[in-house]
2 protein chains.
Amino acid sequence: MQHATNPRDTKAEIHHAALDLFSAQGYEKTSLREIAEQVGITKASLYYHYKSKQELLRAIIGTFVDDIREVMARADGLDWSPAAARELLSSYLDVLIRNRASGPALTRDIGAVLASIDEDIEAIVTTSRQFQVWLAGPDPTSVDRIRAAAAIEALGASISAELPIGEISDAELHATLLDAAITLLPSKPD
Amino acid sequence: MQHATNPRDTKAEIHHAALDLFSAQGYEKTSLREIAEQVGITKASLYYHYKSKQELLRAIIGTFVDDIREVMARADGLDWSPAAARELLSSYLDVLIRNRASGPALTRDIGAVLASIDEDIEAIVTTSRQFQVWLAGPDPTSVDRIRAAAAIEALGASISAELPIGEISDAELHATLLDAAITLLPSKPD
DNA sequence: GTCTATACCTTGATAGAC
DNA sequence: GTCTATCAAGGTATAGAC
């Protein structure tokens, strides 16, 4: 926290303006000129603070992606059990709901988001696939795999634009979706 | 239908080249110059056949969007029943699976896809929301709404890039996901 | 009716002056 | 840290050749 009459934190202002505009119009449709205008500087000045438009996007969605990765990575080396599966799905859902507001913007711009990840993308896809296989339980059949994929996908309803965001509390959303996902998971004999 | 040794159906060739390139590299990353080059004409010629890059995309994904809309619209005025819900979910899933191969490309470029729909988008969102409400059954609680949203989302696993496309047959995918979605639907007294 | 040449404007990005 | 100037590439528009 800094005092109000500051030398003016331009980098933060850029971040803020970009978040606003990306959310409102999407990544591709927002030009650096617009962002610069809103901050009250010139386009070129942006480049002093961020190396590229993608890096700007990365800064905005960075923690989201990292948080999801962290949760999925926890499956690595962990023994499967119904309780463990529930625990990981719950954490996964936590991250989604925490970012519920910016969800629609995120999904709309997956392309750009993926591009901004770029070097990590192969690792992420691998992690995500392993997470899905882990979820399916030991020695999964292809039906098990599909059900696990469906369970993860169901959690994604939390950031669906079709759900009235005002009328539904985070807690209710969490409880209902976690329950739904668990139902989908292949049932294994203990 | 025209005979094979044709004056060369440029429009179709453009469509074909665009489909190839969009699928391989995505919409934004494919330039009109690339497409023109592959067809063997100049950029400007594209504009004789398609008014804009977006119209080109629209031509490619057109039937997919229309098919989904048509299924969702069927819910309008239809009385809810478990059988009717199953029927609509099944049709919805049919469309997804039919486009399974291009699914990853589609999701990656949602932004562009949405933009290409543009004028219709408000109507589509409305239709989609009504479909979701209908699915939730008569007098739905918010939990019912969430479960319906999760059911639709679960069907989306059919176009997930994380599922090994070779090892799983369309039929198996259909049966498993339809079953999963139905499980998620709120259970209503008959 | 089909295509090309050419030019226009916006965008993301860089270099260098202050 | 910020600006001006400039760039290449992209989507778009049109005038005109055949």
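Only this structure's heavy atoms are used, side chains among them; waters, hydrogens and symmetry mates stay out. Chain identifiers are assigned alphabetically (A, B, ...) following the order of the sequence lines, protein sequences preceding nucleic acid strands; residue numbering begins at 1 within each chain.
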Between atom CD in B/E28 and atom P in D/dG10, what is the gap in whole Å?
13 Å

Protein-nucleotide distance (B/E37, atom CD; C/dT4, atom P), rounded to Å:
13 Å

Mind calculating the distance between OH (B/Y47) and P (D/dA13) to the nearest angstrom?
7 Å

Test salt bridge (Lys or Arg N to Asp or Glu O under 4.0 Å) on B/R98 and B/D67; report intermediate values, then the result.
CA-CA 11 Å; B/R98 205 182 310 140; B/D67 289 354; 3.2 Å; yes

When you measure from the side-chain N and O atoms of A/Y48 to the phosphate of D/dG1, is any distance below 4.0 Å, counting only OP1 and OP2?
yes

B/Q25 CD - D/dG10 P separation (whole Å)
11 Å

Taking every non-hydrogen atom, the tightest pair across B/R74 and B/S91
NH1-OG, 3.3 Å

For A/R69 versus A/D120, what's the shortest heavy-atom pair and its separation?
NH1-CB, 3.5 Å

hbond_proxy B/K43 side chain to D/dG10 base (donor-acceptor, 3.5 Å cutoff):
no

Any cation-pi pair here, B/K53 with B/Y27, using under 6.0 Å and within 45°?
yes

Pick base, sugar-phosphate or nothing for B/S45, based on heavy-atom distances below 4.0 Å to the nucleic acid.
base

Less than 3.5 Å apart, any donor N or O on the side chain of B/E162 or A/S128 sitting next to an acceptor on the other?
yes

To the nearest Å, give me how far apart CD (A/E13) and P (D/dT2) are.
9 Å

Atom-to-atom span, CD of A/E34 to C1' of C/dG12 - whole angstrom:
14 Å

Options C/dT2, D/dG11, C/dT14, nucleotide nearest the side-chain atoms of B/T10:
C/dT2

Taking only the side-chain heavy atoms of A/S31 (C-beta and beyond), determine which of D/dG11, C/dG12, C/dT2 contains the nearest atom.
C/dG12

Would you mind classifying the nucleic acid contact of A/T42 as base, sugar-phosphate or nothing, using non-hydrogen atoms under 4.0 angstrom?
base

In whole angstrom, give the distance that lies between atom CD1 of B/I35 and atom P of D/dT12.
11 Å

Nearest-angstrom distance from the residue atom CG of A/L46 to P of C/dG12
10 Å

Could you work out which one of C/dG12, C/dC3, C/dA15 sits closest to the side chain of A/L32?
C/dG12

Can you identify which nucleotide, out of C/dC3, D/dG10, D/dG11, has its nearest atom closest to the B/H49 side chain?
C/dC3

Identify, between A/K51 and A/R33, the residue whose nearest nucleotide on DNA chain C lies closer to the 5' end.
A/R33

